[in-house]
> 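The structure under discussion is supplied below as structure tokens; questions concerning it will follow.
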Amino acid sequence: MIELGTGTATDTANLIMDVNESTFMKDVVEASDLVPVIVDFWAPWCGPCKTLGPALEAEVMAANGAVKMAKIDVDQNQTIAGQMQIQSIPAVFAFYKGQPIDGFQGALPPSEIKAFVARVIEAGGGDPSGGLDDAIEAATMMLEEGDASDAAQTFAAILEEDDQCVAAYAGLARSHLAMGEADQAEAVLNGVPADISSAAMIEAAFAQIALARQAEQAGPLAEMSAAVEANPDDLQARFDLAVALNADEQTEDAVDALLEIFRRDREWNEGAAKTQLFTIFDALKPEDPIVLNGRRKLSSMIFA
């Protein structure tokens with residue numbers, strides 16, 4: 001399992017500094033030769049500054065050293081404020097290689113603050129994820145190689161660092177699913193914040209859980225196949241066969257069986273075949289050939 005560190009008081013002191021006119025050259029201009037430095041011009045009496053400052057600090061800390069932040073009280077450092085032509089606060093500038101490269105004035109919503117910090121980090125050649133992207137990639141590889149337990153621990157650690165990480169929620173759910181823990185997988189997804197709950201990865205994980213639960217109830221494949229051969233017009237038998245095929249990882253054959261049901265009677269069982277097809281499509285990657293071919297065949301039947 002990959003160990004992910006968390007910010008400490010020492011980290012904060014190194015990454016977020018109170019800067020004045022005597023330290024500006026060293027802590028901003030010279031420091032920006034190594035990593036970008038975001039400068040927050042503020043004042044104790046400024047209401048919006050009290051919201052913007054902590055939000056910026058949180059994003060800087062999450063970047064794990066890919067960017068630093070300098071806080072300058074304009075009341076105590078009017079010369080610098082004048083040189084930067086600060087007309088109103090809050091005002092934020094980003095420096096890299098000794099030069100201002102980006103900035104804004106006024107308060108911003110959290111999403112725009114996050115995007116601003118990410119832009120600045122990328123301009124300095126850094127990783128806006130603070131290393132979390134590498135951790136996600138490593139955890140995903142663990143899961144694909146069958147090490148679901150360590151993958152689950154790594155995805156959980158990522159969520160401790162970033163509780164808005166869609167890939168980590170989906171990965172943690174899939175890890176539990178791989179360990180045969182469908183209830184835990186569903187609990188993970190039910191705990192996803194509302195603003196990211198409709199993300200494609202989350203919907204895919206829900207679909208994978210639904211299919212896994214169907215697989216637990218699937219009958220013997222040979223028995224299901226024999227039932228269809230005995231009575232080709234029995235659409236329920238065909239549906240049961242499709243469930244058994246998918247449980248046996250014969251996904252393409254399962255899709256073909258469902259398409260045949262739809263071709264024979266698209267309204268059968270309140271459109272169960274179409275619903276099941278979409279569940280399978282959602283569980284797979286959008287670019288999977290099974291998805292592309294299946295959607296194309298389904299569309300040709302619908303619009304025939």
> Which pair of non-hydrogen atoms, one from M179 and one from A148, has the smallest distance, and what is that distance?
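Closest heavy-atom pair between M179 and A148: CG-CB, 3.6 Å.
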> Please check: side-chain N/O of Q208 versus main-chain N/O of A283, any donor-acceptor pairing under 3.5 Å?
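A pair under 3.5 Å: yes.
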> Contact between Y96 and D102 at the side-chain level, heavy atoms closer than 4.5 Å - yes or no?
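No, side chains not in contact.
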> Using the rule given for side-chain contact (heavy atoms from CB on, under 4.5 Å), can you reason through K71 versus I16, listing the C-alpha separation, both sets of side-chain angles and the distance that settles it, and then say yes or no?
CA-CA 7 Å; K71 301 169 64 175; I16 300 173; 3.9 Å; yes
> Closest heavy-atom contact between S32 and G98?
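Answer, listing the atom of S32 first, then G98: OG-N, 2.8 Å.
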> Run the side-chain contact (heavy atoms from CB on, under 4.5 Å) test on L258 and I280 for me, step by step, so that the C-alpha distance in whole Å, both residues' side-chain angles and the decisive distance to 0.1 Å come before the verdict.
CA-CA 10 Å; L258 293 166; I280 292 176; 3.7 Å; yes
> Evaluate W42 against V92 for side-chain contact (heavy atoms from CB on, under 4.5 Å), listing each step before the verdict.
CA-CA 9 Å; W42 70 288; V92 176; over 6 Å; no
> Heavy atoms, side chains only, cut-off 4.5 Å: are D75 and P44 in contact?
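Touching, per the 4.5 Å side-chain cut-off.
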> Would a 4.5 Å heavy-atom cut-off, applied to side chains only, mark R266 and K274 as touching?
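A side-chain contact is absent here, since even the closest heavy-atom pair is not under 4.5 Å.
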> Once you round to the nearest 0.5 Å, how far does CG of L241 lie from CG of D253?
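Atom-to-atom, L241:CG and D253:CG are 8.5 Å apart.
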> How far does CZ of F262 sit from OG1 of T275, to the nearest 0.5 angstrom?
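Nearest 0.5 Å value for the CZ-OG1 distance: 10.0 Å.
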> Can you list, pair by pair, the side-chain donor-acceptor contacts under 3.5 Å of residues 293-304, counting residues two or more places apart and other chains?
{"residue": "N293", "atom": "ND2", "partner": "P289", "partner atom": "O", "Å": "3.2"}
{"residue": "S299", "atom": "OG", "partner": "R295", "partner atom": "O", "Å": "2.9"}
{"residue": "S300", "atom": "OG", "partner": "K297", "partner atom": "O", "Å": "2.6"}

> Kindly check if the number of other-residue, nucleotide or ligand heavy atoms within 6.0 Å of CE (M84) is above 12?
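Correct, the count exceeds 12.
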> Is it the case that one hydrophobic cluster holds both V35 and I101, taking links as side-chain heavy atoms less than 4.5 Å apart, direct or via other members?
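No; tracing contacts between hydrophobic side chains, which count when under 4.5 Å, never links both residues.
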> Is there a side-chain contact between L235 and D265 in this structure, where contact means two heavy atoms from C-beta onward sitting under 4.5 Å apart?
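L235 reaches D265 side chain to side chain.
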> For atom CD of E137, is the number of surrounding heavy atoms from other residues, nucleotides or ligands below 6.0 Å larger than 12?
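No, because the 6.0 Å sphere around CD of E137 holds 12 heavy atoms or fewer from other groups.
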> Are L245 and V255 linked, directly or through other ILVMFWY residues, by side chains that come within less than 4.5 angstrom of each other?
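No, separate clusters.
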> Quick one: pull up OH in Y169 and CD in Q164 and give me the separation to the nearest 0.5 Å.
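Y169 atom OH to Q164 atom CD measures 6.5 Å (nearest 0.5 Å).
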> Linking I/L/V/M/F/W/Y whenever any side-chain heavy atoms sit under 4.5 Å apart, do I290 and I261 land together?
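Both belong to a single hydrophobic cluster.
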> State, to 0.1 Å, how close A66 and P36 come at their nearest heavy-atom pair, and which atoms those are.
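Result for this residue pair: O-CD, 3.5 Å.
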> What distance separates M141 CE from D150 CG, expressed to the nearest 0.5 Å?
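The CE atom of M141 sits 14.0 Å away from the CG atom of D150.
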> Counting C-beta onward and ignoring hydrogens, is there a side-chain heavy-atom pair between D234 and V228 closer than 4.5 Å?
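A side-chain contact under 4.5 Å is absent here.
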> Flag the pair C165 / I136 as yes when at least one side-chain heavy-atom distance between them is below 4.5 Å, and no otherwise.
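Yes, side chains in contact.
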> Working to the nearest 0.5 angstrom, can you tell me the gap between F93 CZ and I86 CD1?
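Result: 4.0 Å between the selected atoms.
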> Distance check, rounded to the nearest 0.5 Å: T23 atom OG1 versus N77 atom CG?
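The distance works out to 8.0 Å.
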> State yes or no: do I202 and F281 share one hydrophobic cluster built from I, L, V, M, F, W and Y residues joined by side-chain heavy-atom distances below 4.5 Å, directly or via other members?
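Different hydrophobic clusters.
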> Around K285, counting heavy atoms of other residues, nucleotides and ligands shown, do more than 12 lie under 6.0 Å from its NZ?
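No, not enclosed.
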> Report the relative orientation of the aromatic rings in F239 and W268; use parallel for angles under 30°, tilted for 30 to 60°, perpendicular for over 60°.
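F239 vs W268 ring planes: tilted.
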> If I compare all heavy atoms of E30 with all of K26, which pair ends up nearest, and what's the gap?
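Looks like CB-O, 3.6 Å.
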> Compare every heavy atom of A182 with every heavy atom of I209, then report the nearest pair and how far apart it is.
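Smallest heavy-atom distance, with atoms named: CG2-O, 4.4 Å.
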> What residues form a salt bridge (Lys or Arg N to Asp or Glu O under 4.0 Å) with K114, not counting sequence neighbours?
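K114: salt bridge (Lys or Arg N to Asp or Glu O under 4.0 Å) contacts with E59.
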> Enumerate, atom names and distances included, each donor-acceptor pair closer than 3.5 Å involving a side-chain atom of residues 211-227, sequence neighbours excluded.
{"residue": "R213", "atom": "NH1", "partner": "E186", "partner atom": "OE1", "Å": "2.6"}
{"residue": "R213", "atom": "NH2", "partner": "D183", "partner atom": "OD1", "Å": "2.5"}
{"residue": "R213", "atom": "NH2", "partner": "E186", "partner atom": "OE1", "Å": "3.2"}
{"residue": "Q214", "atom": "OE1", "partner": "Q276", "partner atom": "NE2", "Å": "2.6"}
{"residue": "Q214", "atom": "NE2", "partner": "Q276", "partner atom": "OE1", "Å": "3.0"}

> Measuring only between side-chain heavy atoms, which start at C-beta, is T79 closer than 4.5 Å to Q83?
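SC-SC contact between T79 and Q83 confirmed.
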> With a cut-off of 6.0 Å (strictly less than), are more than 12 heavy atoms of other residues, nucleotides or ligands near CD of E287?
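Correct, the count exceeds 12.
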> Show the numbers, then the answer: is there a salt bridge (charged side-chain N to carboxylate O under 4.0 Å, His left out) between R119 and E122?
CA-CA 5 Å; R119 256 194 338 267; E122 289 176 345; over 6 Å; no
> Which atom pair, heavy atoms only, marks the closest approach of G106 to L52?
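It is O-CD2, 4.0 Å.
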> Find out if a path of hydrophobic residues (ILVMFWY) with successive side-chain heavy-atom gaps under 4.5 Å connects F206 to I196.
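Cluster IDs for F206 and I196 match.
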> How far apart are the C-alpha atoms of D282 and T279, what are their side-chain angles, what is the distance that settles it, and do they pass the side-chain contact (heavy atoms from CB on, under 4.5 Å) test?
CA-CA 5 Å; D282 287 345; T279 300; 5.9 Å; no
